[in-house]
Protein chains: 2
Amino acid sequence: MKRDSRLSSVLHALIHMAERDAAMTSTELGTCLGANAVVVRRTMGLLRTAKIVTSDRGHTGGWRIASDLSTVTLRQLHEALGEPIVFAVGNRNERTKCLVEQSVNAALDGAFAEAEALLLKRFENITVADLAAGVAKRQTKRRARHKSRTR
Amino acid sequence: MKRDSRLSSVLHALIHMAERDAAMTSTELGTCLGANAVVVRRTMGLLRTAKIVTSDRGHTGGWRIASDLSTVTLRQLHEALGEPIVFAVGNRNERTKCLVEQSVNAALDGAFAEAEALLLKRFENITVADLAAGVAKRQTKRRARHKSRTR
DNA sequence: TTTCATGTAACTATTGTTGTTACATATGGC
DNA sequence: GCCATATGTAACAACAATAGTTACATGAAA
């Protein structure tokens with residue numbers, strides 16, 4: 001399967017929107033992400049349903065942030081995207097009468113469930129604002145490097 | 001993408017082979033797994049490369065276990081299968097000049113790496129023999145249930 | 001009223017496993 | 001030696017989910 005990069009995309013989009021603090025069109029976001037404007041609308045539409053952003057049509061329209069990004073966690077974004085399947089690996093037949101397969105499934109499911117729980121727990125503890133702050137730090141560093149080179 | 005169920009498949013196959021303690025043909029295994037014989041050959045071929053099983057052609061041919069299953073861990077099987085990608089979710093652009101995307105990628109990669117490490121650690125601690133023992137337990141239980149019903 | 005933006009539908013492209021067909025090759029039994 | 005049986009592969013279609021594309025309807029502001 002093609003890997004699902006929508007969480008990565010919406011994070012990227014939200015932070016750019018936060019830096020701008022003004023409406024951004026799907027085309028602008030698409031250019032930013034290197035993605036198609038229709039795909040942007042499709043994906044951002046899920047965030048609108050979750051009331052994380054709003055959208056307006058016509059002139060001066062586009063996408064706007066509609067909630068405090070310090071309260072929006074990666075977990076919430078994952079949920080807003082419909083909790084897509086996390087693993088590319090899984091059992092062959094989820095329901096089976098074969099005892100062997102049942103045992104195998106139980107063991108694998110346990111391991112996968114544990115890993116997914118850990119991932120979602122990490123997602124709960126990271127807000128979009130945290131990531132935005134990380135970006136600000138990187139920008140400061142880059143400016144410092146540039147300054148020292150040109151001095 | 002279709003989810004990768006090869007780990008589940010080879011575990012199922014190995015345990016059936018262990019119960020039989022005789023060569024099993026690809027067709028027999030395929031029937032067992034509800035899978036195609038060619039796919040069985042393809043996947044089991046990877047285990048042969050890893051010297052976990054052997055195969056023979058012609059009459060009395062088929063697949064045989066070639067190592068002590070109490071020393072074969074799920075991690076080894078995962079490696080034998082070529083360490084397939086575990087996550088169906090990932091970053092959009094792995095390498096990018098955009099600082100925003102770099103920060104997002106770093107945060108997501110960290111969380112994914114942690115979850116994958118946990119999963120592989122679990123895989124290291126489970127042997128095929130462990131699962132086979134689990135199957136034996138289930139069979140005992142089923143027999144007990146059956147006995148009490150027919151008494 | 002025109003222009004710009006979102007909202008959607010209906011496709012194709014992509015990317016990996018899985019399924020299928022076909023055929024080459026080796027092996028054991030007669 | 002011949003034949004049935006099994007693996008070994010190649011080549012391609014099927015599948016499943018996101019991503020990309022084209023086309024057009026709809027709403028809002030200049």
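Numbers restart at 1 for each chain; the letters A, B, ... are given by sequence-line order, proteins then strands. Only a predicted model underlies this, so the values are computations on that prediction, with no experimental measurement involved.
Rounded to a whole Å, the CG atom of Leu29(A) is 13 Å from the C1' atom of dA5(C). Atoms CG (Leu81(A)) and P (dT18(D)) sit 10 Å apart, rounded to a whole Å. Nucleotide dG19(C) holds its C1' atom 7 Å from the NZ atom of Lys2(B), rounded to whole Å. With rounding to whole Å, Met44(A) atom CE is found 15 Å from dT8(C) atom P. The CZ atom of Arg48(B) sits 8 Å away from the C1' atom of dG8(D) (whole-angstrom rounding). When rounded to the nearest whole Å, the span between CG of Leu46(B) and P of dT9(D) equals 11 Å. For the pair Leu7(A) CG and dT18(D) C1', the interatomic distance rounds to 14 Å; values are reported in whole Å. Counting to the nearest Å, the C1' atom of dG8(D) and the CG atom of Leu47(B) are 16 Å from each other.
A distance-only check finds no donor-acceptor pair linking the side chain of Arg48(B) to the backbone of Ser55(B) [under 3.5 Å]. Under a 3.5 Å cut-off, the side chain of Asp109(A) and the backbone N or O of Ala106(A) do not form any donor-acceptor pair. Side-chain N or O atoms of Glu114(A) include none that pairs as donor or acceptor with a backbone N or O of Leu119(B) at under 3.5 Å. Asn105(A) places a side-chain N or O within 3.5 Å of a backbone atom of Asn93(A) that can act as its donor or acceptor partner.
Contact annotation: Arg6(B) reaches the phosphate of dT17(C) (side-chain N/O to OP1 or OP2, under 4.0 Å). Checking the phosphate oxygens (OP1, OP2) of dA19(D), a side-chain nitrogen or oxygen of Ser5(A) falls inside 4.0 Å. Residue Ser55(A) has a polar side-chain atom (N or O) positioned under 4.0 Å from OP1 or OP2 of dG7(C). Checking the phosphate oxygens (OP1, OP2) of dA5(C), no side-chain nitrogen or oxygen of Thr25(A) falls inside 4.0 Å.
In this pair, Phe123(A) and Phe112(B) present their aromatic rings perpendicular. The plane angle is above 60°, beyond the 30 to 60° band.
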For nucleotides 20-30 of chain C, read 5' to 3', which letter fits each nucleotide if B means a protein heavy atom sits under 4.0 Å from the base, S means only the sugar-phosphate is that close, and - means neither?
-> BB---BSBB--
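Put simply, Val104(B) and Leu99(B) are part of two different groups of oily side chains (I, L, V, M, F, W, Y) that touch within less than 4.5 Å, one to the next.
When all heavy atoms of Ser8(A) and Gly90(B) are compared, the pair lying nearest together is CB-O, 3.8 Å.
Checking Gly61(B) against Arg92(B), the closest nucleotide of DNA chain D that is more toward the 5' end is the one next to Gly61(B).
Within the 4.0 angstrom heavy-atom criterion, no nucleotide atom of any strand lies near Thr27(A).
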